[in-house]
There are 2 protein chains.
Amino acid sequence: MALEHAILISLTERAGSGYELARRFDRSIGYFWPATHQQIYRVLRRMDEAGWVTHTEIAQEGRPDKKVYRVAAPGRAEISRWLAEPADPAVLRDGLSVKLRGASLGDVGLVLKEMERHRAEHATRLEVYRGIQRRDFPKPNTLRGRELHQYLVLRGGIRAEESFVTWCDEVIDALRKDNR
Amino acid sequence: MALEHAILISLTERAGSGYELARRFDRSIGYFWPATHQQIYRVLRRMDEAGWVTHTEIAQEGRPDKKVYRVAAPGRAEISRWLAEPADPAVLRDGLSVKLRGASLGDVGLVLKEMERHRAEHATRLEVYRGIQRRDFPKPNTLRGRELHQYLVLRGGIRAEESFVTWCDEVIDALRKDNR
DNA sequence: CCTACCTATGCAACTGGTTGCAGTGCACCT
DNA sequence: AGGTGCACTGCAACCAGTTGCATAGGTAGG
């Protein structure tokens with residue numbers, strides 16, 4: 001179960017509250033390990049009880065108090081233990097492919113529309129990734145250690161989105177030709 | 001929930017038992033919508049109760065009896081209803097990326113090994129896909145309708161695996177250089 | 001002024017997916 | 001003779017993830 005570890009890793013980079021973590025997940029680590037705030041809160045509490053993290057309550061004015069979590073020694077140990085065990089293969093669940101496969105049982109035109117919509121969404125996300133690359137990693141070949149690793153993960157996202165967009169184009173093109 | 005629909009689509013292509021469906025999922029539709037036999041059995045029963053599918057019990061000699069399911073009219077209606085509604089974006093959960101991101105908190109060499117292992121697995125799967133392409137779709141530009149759609153889904157798998165393998169190579173190369 | 005959204009945490013109920021087990025009979029290997 | 005593996009279905013327990021809701025003050029916009 002990698003959610004614990006994704007949170008721990010994110011917390012080593014910077015301490016934060018459940019809410020903040022949920023935001024972070026929305027725009028970085030959650031691209032390949034999505035999580036809702038609910039899940040994050042639950043896992044944080046569990047890890048707190050297990051002693052992997054500690055929290056300090058911070059009173060705020062004008063906005064609700066928050067609990068800022070940071071990784072404790074057992075949490076760090078747990079990360080390196082987990083890093084050493086084999087990762088199971090990435091899970092992909094793509095309803096769009098299922099639809100495409102069954103397209104001829106319904107309105108193919110609608111599936112084509114869906115394809116175009118997804119193409120647009122992934123193109124947007126690709127631009128987001130490229131923006132991050134330009135802003136945060138302008139000189140990739142100077143990177144080392146943690147920053148290099150972060151950059152490489154981003155590269156994976158870019159590659160995945162690129163190939164998704166290209167695939168959509170191939171599909172859209174083929175469906176249009178088939179329709180003529 | 002696309003598992004119902006993945007099963008229905010698979011059953012329109014060919015009627016079959018839960019067990020057979022589980023096998024099929026293992027080597028085709030399950031590549032982008034994985035499911036265990038347990039899940040398939042449960043969903044089949046639910047769809048049977050809902051009238052989306054019907055089953056005939058088939059007594060076999062030497063091996064256990066089986067229930068062969070086929071799609072009923074309401075099931076077909078349900079497919080085309082579902083095809084017309086928007087698909088939510090593909091979900092990816094990739095523990096390997098999480099590991100890479102946190103690699104510097106543990107033994108980077110081990111993460112590199114993991115990367116190589118995953119690279120090999122994905123290369124194998126890529127070869128499987130390419131084999132299917134050669135065998136089942138030797139002349140892609142003559143395809144139309146259902147076969148075209150199936151081919152296009154396979155193309156998506158090929159593209160995804162290709163880009164994954166290339167990414168692994170990029171990562172492996174970069175980690176090695178960083179280690180020197 | 002009212003609505004809507006943001007920060008912040010959390011409970012409760014639910015659905016989807018996983019794991020472990022159990023039974024049965026045949027085929028194959030050692 | 002004994003073990004493993006395949007074909008076939010299924011129960012039970014569990015774990016992970018989703019959805020809806022509650023609370024509560026602050027800010028921004030129509």
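The sequence lines fix the lettering, A, B, ..., with proteins before strands; numbering per chain opens at 1.
Taking a cutoff of 4.0 Å between a charged side-chain nitrogen and a carboxylate oxygen, Arg176(A) and Glu116(A) qualify as a salt bridge. Glu20(A) has no carboxylate O lying under 4.0 Å from a charged side-chain N of Arg23(A), or vice versa, which leaves the two without a salt bridge. Ion pair Glu170(A)/Arg159(B) flagged as a salt bridge, since at least one NZ, NE, NH1 or NH2 atom sits closer than 4.0 Å to an Asp/Glu carboxylate oxygen. Taking a cutoff of 4.0 Å between a charged side-chain nitrogen and a carboxylate oxygen, Arg155(B) and Glu162(B) do not qualify as a salt bridge. A salt bridge links Arg46(B) and Glu4(B); the closest N-O separation between the charged side-chain nitrogens and carboxylate oxygens is under 4.0 Å.
Checking Ala35(A) against Val68(B), the closest nucleotide of DNA chain D that is more toward the 5' end is the one next to Val68(B). Both Pro64(B) and His37(A) sit near DNA chain C, but only His37(A) has its closest nucleotide nearer the 5' end. A residue-by-residue look at Glu61(A) and Arg23(B) shows that Arg23(B) has its nearest nucleotide of DNA chain D further toward the 5' end.
Using bins of under 30°, 30° to 60° and over 60° for the plane-to-plane angle, the ring pair Phe164(A)/Trp167(A) lands in the perpendicular bin.
Closest to the side chain of Arg46(A), out of dT18(D), dA7(D), dA16(D), is dA16(D). Distance from the side chain of Met1(A) is smallest for dA16(D) among the nucleotides dC6(D), dA16(D), dT18(D).
In this model, a side-chain donor or acceptor of Arg42(A) finds a partner on the base of dT18(D) within 3.5 Å.
Residues from residues 84-96 of chain A placing a heavy atom under 4.0 Å of any atom in DNA chain C, listed by number, are Arg93(A).
The phosphate of dT18(D) has neither OP1 nor OP2 within less than 4.0 Å of any side-chain N or O from Gln38(A).
Boundaries of the chain B contact region on DNA chain C are dG16(C) to dC26(C), first to last in 5' to 3' order (nucleotide atom under 4.0 Å from a heavy atom).
Comparing the axis of the opening five pairs of the helix from dC1(C)-dG30(D) to dT30(C)-dA1(D) with that of the closing five pairs yields an angle of 30°, rounded to 10°.
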